[in-house]
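Remarks on the structure that follows.
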Amino acid sequence: MEWLFKAAGLCLVFSASASAGLLKAYKLTVRVKRLDFFYRGISDIRERIRVGTGETERLLNICFGNAVTFGDSVGINAAGLEKEDAEIITEFFENIGMSNSEAEYERAGVYMELVRNQREKAEKRRAELSRLYKSLGISVGAFLCIFFL
């Protein structure tokens, strides 16, 4: 009966370690997806500004939904984003609608480029580290199981 508890404990240690590695790799993927979402949203709002299909707040709700909130200050759903990513996106939303449509169109193009650069960095980092985190989590879990045997 003692071996059963030991086996259960080893399974728990291994699964916790492997899950930590998988979670870390998943966070890298979430960052890429969130940046891609904001890039597509900025691209969409840029085209809608060029065409002139409505007022800015309505366009923001169409393009971003609940990801952006307005009140005394702009708030974005920054889950999965790093601080630098969130600052760039927040800066875009803080000053939107302050100038004419041509200037807004150009400004959105600049921020599209900034977000695209951040996305490329995130994708590169994900490609480099995702496999490492997964392997490391599994390896540490296996090592701990062997150590506790």
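Remember, it's a predicted structure, so these values are computed and weren't measured experimentally.
Without hydrogens or angle criteria, S15 side chain to L12 main chain gives a donor-acceptor distance under 3.5 Å. A donor-acceptor pair under 3.5 Å is formed between the side chain of S135 and the backbone N or O of R131. When atom types are taken as modelled, the side chain of S17 and the backbone of G137 share a donor-acceptor pair closer than 3.5 angstrom.
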For this session: Check the pair I45, I96 against side-chain contact (heavy atoms from CB on, under 4.5 Å), reporting the backbone distance first and the verdict last.
Result: CA-CA 11 Å; I45 200 164; I96 197 161; 4.1 Å; yes
For this session: Check step by step if side-chain contact (heavy atoms from CB on, under 4.5 Å) holds for V30 and L81.
Result: CA-CA 8 Å; V30 167; L81 296 175; over 6 Å; no
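Here the straight-line distance linking atom OH of Y133 with atom CD1 of I138 works out to 15.0 Å at 0.5 Å rounding. The structure places OG1 of T90 at 11.5 Å from NZ of K83, a figure rounded to the nearest 0.5 Å. Distance check: S19 OG to F14 CZ gives 9.0 Å after rounding to the nearest 0.5 Å. If you take NZ on K6 and SG on C145, they are separated by 11.0 Å, rounding to the nearest 0.5 Å. Rounding to the nearest 0.5 Å places CZ of F93 at 5.5 Å from CD1 of I42. Going from atom CZ of R107 over to atom OG of S101 covers 13.5 Å, rounded to the nearest 0.5 Å.
Residues satisfying the side-chain hydrogen bond (donor to acceptor under 3.5 Å, both in side chains) test with E120, not counting sequence neighbours, are R116. Under the ring pair (Phe, Tyr, Trp, His ring centres under 6.0 Å) criterion, Y111 pairs with F92, sequence neighbours left out.
Side-chain contact check for E106 versus V110: every heavy-atom pair is 4.5 Å or farther apart.
Only one option out of E123, R119, Q118 pairs with R31 in a side chain to side chain contact (heavy atoms under 4.5 Å, CB included); it is Q118. Of the listed residues (K121, R125, R34), just one forms a salt bridge (charged side-chain N to carboxylate O under 4.0 Å, His left out) with E82, and that residue is R125. Tested against L144 for a side chain to side chain contact (heavy atoms under 4.5 Å, CB included), the candidates V13, L10, L149 yield a single pass: V13.
Ion pairing between D44 and R40 fails under the 4.0 Å rule for side-chain N and carboxylate O.
There is a path of hydrophobic side-chain contacts, each under 4.5 Å, that joins M112 to I49. In the hydrophobic clustering of ILVMFWY residues, with side-chain heavy atoms under 4.5 Å counting as a link, L129 and L136 come out apart. Taken together through direct or relayed side-chain contacts under 4.5 Å among Ile, Leu, Val, Met, Phe, Trp and Tyr, L35 and I88 form part of one hydrophobic cluster. F5 and F147 fall into different hydrophobic clusters, where Ile, Leu, Val, Met, Phe, Trp and Tyr are joined by side-chain heavy atoms under 4.5 Å apart, directly or via other members.
Atom CZ of F37 is surrounded by more than 12 heavy atoms from other residues, nucleotides or ligands within 6.0 Å. Residue-environment remark: CD (E102) stays at or below the threshold of 12 foreign heavy atoms within 6.0 Å.
Considering all non-hydrogen atoms of both residues, R46 and Y105 come closest at NE-O, 3.2 Å.
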